[in-house]
Chemist: 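Right, I'll just put the structure down here and ask away after.
Counting convention: from 1, in listed order, for ligands and their atoms alike.
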Amino acid sequence: MELNQLQHIDQHIAQWLEHLDNVIPNLIAEMTTDTKVDRFDLVTNVDKQLQQQFEEYLNEHFPGHQLLGEEKNNDSIKPYEGHLWIMDPIDGTANLVKQQEDYCIILAYFEHGEPQLSYIYDYPHRKLYKAIKGQGAYMNDQPLQPPKEVKLEDAVISFGSEYINDRANKALYDAAFGVRYIGSCGLDSIRVIKGQFGAHFNTDPKPWDISAQFLFAKQLGLKITRLDGGPLDYAKGGPFIISNKGCYEEMLSILNEGSGYLK
Ligand code: IPD
Ligand code: CA
Ligand code: CA
């Protein structure tokens, strides 16, 4: 897609995300929480309303663009065709409910299977991260630089330990400088994107958890693959790592030794 077309779409979407500053406080003021598959799997009116409002916005301004979203039925979506948006309306819903911090909105735009625009909006801290194909990545419109390479022994890494075995868990703690985990795939990934974390992995993310990270990784020279090192499909999700090049190989070798991770 031509740069001026992308910039036109970007202006619309950035404005839509900014207007959320007036929408989210009201939704939070009347927050209601439901569970989905189990008591840990939460959804709120904030998740549902934001996705519905974005769907209405797309229908009005970009008719024909498809939306693959966490809180809707996606059976009719053709993810590799035409114009596709992937949305996680709130990533880190448990953090929103329990802490009122450390959650974000994730949006990614693909044309014929190619990432074009990515957004991760850290609403509580009013930081809008975006990537534009061929242009770069930004935080509140300030360019982000590719992170310096960091070895695993010097890196802070991030993961939820529930799906890795005890050996891999101990080996990662021993090999890395330290472990920190936010609990929002988008925000844990942003730490890697900014060079604060060496790597973040998740053994079972869905497309909306990882959709925006592809373009940030491409623009900033980071690795984004499956945990076995193979190519990751944005429309399928599955075991994923986003990593600084300096610690990627060592992370994968620890994780893949003796079935280190379970799904
Ligand atoms: C979850 C968060 C969490 C990750 C889970 C995701 P949600 O997203 O990103 O960090 O470990 O796999 O499902 O449910 O809050 O949108
Ligand atoms: Ca999510
Ligand atoms: Ca979500």
Side-chain angles (χ1 to χ4, degrees), residues 17 20 23-24 27-28 31-55 67-74 77 85-108 118-125 129 156-164 168-169 172 179-193 196-197 199-214 216-217 224 226-227 232-243 251 255 261-263:
L17 286 165
L20 296 183
V23 171
I24 293 177
L27 295 175
I28 290 180
M31 191 152 79
T32 53
T33 306
D34 291 321
T35 52
K36 296 196 280 186
V37 295
D38 58 34
R39 76 182 185 92
F40 304 108
D41 190 8
L42 306 178
V43 63
T44 74
N45 61 313
V46 188
D47 307 54
K48 291 179 193 164
Q49 277 290 323
L50 291 184
Q51 185 179 290
Q52 195 187 316
Q53 290 185 21
F54 185 68
E55 192 166 22
L67 177 63
L68 194 164
E70 179 172 15
E71 311 304 340
K72 70 188 272 287
N73 181 298
N74 297 301
I77 300 294
W85 289 87
I86 302 182
M87 180 182 213
D88 192 337
I90 294 289
D91 178 54
T93 300
N95 289 345
L96 166 64
V97 173
K98 300 291 181 188
Q99 310 188 82
Q100 296 80 54
E101 198 168 358
D102 296 332
Y103 58 90
C104 62
I105 293 129
I106 301 179
L107 271 176
S118 281
Y119 303 86
I120 295 179
Y121 186 29
D122 177 351
Y123 164 77
H125 303 118
Y129 298 91
V156 175
I157 58 170
S158 140
F159 56 93
S161 53
E162 63 268 47
Y163 296 115
I164 61 170
N169 195 37
L172 286 170
V179 178
R180 306 282 186 276
Y181 178 52
I182 299 170
S184 152
C185 193
L187 294 180
D188 281 288
S189 299
I190 280 292
R191 295 280 170 111
V192 181
I193 287 162
Q196 296 168 308
F197 287 173
H200 169 62
F201 70 84
N202 183 327
T203 55
D204 190 25
K206 305 293 181 265
W208 38 84
D209 296 310
I210 57 171
S211 59
Q213 286 87 324
F214 287 84
F216 282 103
I224 178 167
R226 294 176 56 86
L227 286 182
L232 186 66
D233 185 335
Y234 67 83
K236 295 200 170 80
F240 130 100
I241 181 166
I242 181 166
S243 179
M251 288 284 298
L255 281 166
Y261 62 92
L262 333 155
K263 223 230 40 185

Chemist: Return a yes/no value for Pro205: is any of its N or O atoms, backbone included, closer than 3.5 angstrom to an N or O of ligand 1?
Modeler: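 No, no N or O pair falls under 3.5 Å.
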Chemist: In terms of the angle between their ring planes, are Trp85 and Tyr119 parallel, tilted or perpendicular, with boundaries placed at 30° and 60°?
Modeler: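 Rings of Trp85 and Tyr119: parallel, as their planes differ by under 30°.
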Chemist: Kindly confirm or rule out an N or O of Tyr181 lying under 3.5 angstrom from an N or O of ligand 1.
Modeler: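 Right, the criterion is met.
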Chemist: Any idea which part of Asp209 is under 4.0 Å from ligand 1, heavy-atom wise: side chain, backbone, both or neither?
Modeler: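 Answer for Asp209: side chain.
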Chemist: Please indicate whether any nitrogen or oxygen in Ile90 is less than 3.5 Å from any nitrogen or oxygen in ligand 1.
Modeler: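 In this structure, Ile90 places an N or O atom under 3.5 Å from an N or O of ligand 1.
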Chemist: What I want to know is whether Ser184 and ligand 1 share at least one N or O pair that is separated by under 3.5 angstrom.
Modeler: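 Ser184 vs ligand 1: N/O contact under 3.5 Å present.
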Chemist: Asp88: which N/O/S atom is nearest the Ca ion (ligand 3)?
Modeler: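 In Asp88, the heteroatom (N, O or S) nearest the Ca ion (ligand 3) is OD1.
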Chemist: Have a look at Glu71 and tell me which of Gln52, Lys36, Gln51 forms a side-chain hydrogen bond (donor to acceptor under 3.5 Å, both in side chains) with it.
Modeler: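 Single side-chain hydrogen bond (donor to acceptor under 3.5 Å, both in side chains) partner of Glu71 among Gln52, Lys36, Gln51: Lys36.
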Chemist: Among Val43, Asp91, Asp88, whose heavy atom sits nearest atom 9 (O) of ligand 1?
Modeler: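 It is Asp91 that holds the nearest heavy atom.
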Chemist: Considering only heavy atoms, does Lys206 approach ligand 1 within less than 4.0 Å through its side chain, its backbone, both, or neither?
Modeler: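 Neither; nothing of Lys206 gets under 4.0 Å from ligand 1.
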Chemist: Between Cys185 and ligand 1, find which residue part has any heavy-atom pair under 4.0 Å and reply side chain, backbone, both or neither.
Modeler: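 Looking at Cys185 and ligand 1, atoms from backbone and side chain both fall under 4.0 Å.
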Chemist: Counting backbone and side-chain atoms alike, does Trp208 have an N/O/S atom under 3.0 Å from the Ca ion (ligand 3)?
Modeler: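 No, Trp208 does not qualify, because none of its backbone or side-chain N, O or S atoms lies under 3.0 Å.
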Chemist: Report the atom name of the nearest N/O/S atom of Glu70 relative to the Ca ion (ligand 3).
Modeler: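 Relative to the Ca ion (ligand 3), the closest nitrogen, oxygen or sulfur of Glu70 carries the name OE1.
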Chemist: State plainly whether the residues Lys48 and Asp34 are in salt-bridge range, i.e. N to O under 4.0 Å.
Modeler: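 A salt bridge links Lys48 with Asp34.
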Chemist: side-chain hydrogen bond (donor to acceptor under 3.5 Å, both in side chains) for Ser161 and Asn169? Distances and angles first, verdict last.
Modeler: CA-CA 7 Å; Ser161 53; Asn169 195 37; 4.8 Å; no
Chemist: Check all N, O or S atoms of Asp91 and name the one closest to the Ca ion (ligand 2).
Modeler: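 It is OD1, the N, O or S atom of Asp91 closest to the Ca ion (ligand 2).
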Chemist: Heavy atoms only, cut-off 4.0 Å: how does Leu42 contact ligand 1, side chain, backbone, both, or neither?
Modeler: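 The answer is neither; Leu42 stays 4.0 Å or more away.
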Chemist: Is there a polar contact between ligand 1 and Ala94, counting only N or O atoms under 3.5 Å apart?
Modeler: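 Looking only at distances, the answer is no, because the N/O contact criterion of under 3.5 Å is not met.
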Chemist: Should the proximity of Asn202 to ligand 1, defined as any heavy atom under 4.0 Å, be assigned to the side chain, the backbone, both, or neither?
Modeler: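 The answer is the side chain of Asn202.
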Chemist: When you look at Gln99 and Asn95, which way does the side-chain hydrogen bond (donor to acceptor under 3.5 Å, both in side chains) test go after all the steps?
Modeler: CA-CA 5 Å; Gln99 310 188 82; Asn95 289 345; 3.0 Å; yes
Chemist: Please state whether the separation between the Ca ion (ligand 2) and some N/O/S atom of Asp209 is under 3.0 Å?
Modeler: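 An N, O or S atom of Asp209 is closer than 3.0 Å to the Ca ion (ligand 2), so yes.
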Chemist: Please work out which of the three classes, parallel, tilted or perpendicular, describes the rings of Tyr234 and Phe214, given edges at 30° and 60°.
Modeler: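 Rings of Phe214 and Tyr234: perpendicular, over 60°.
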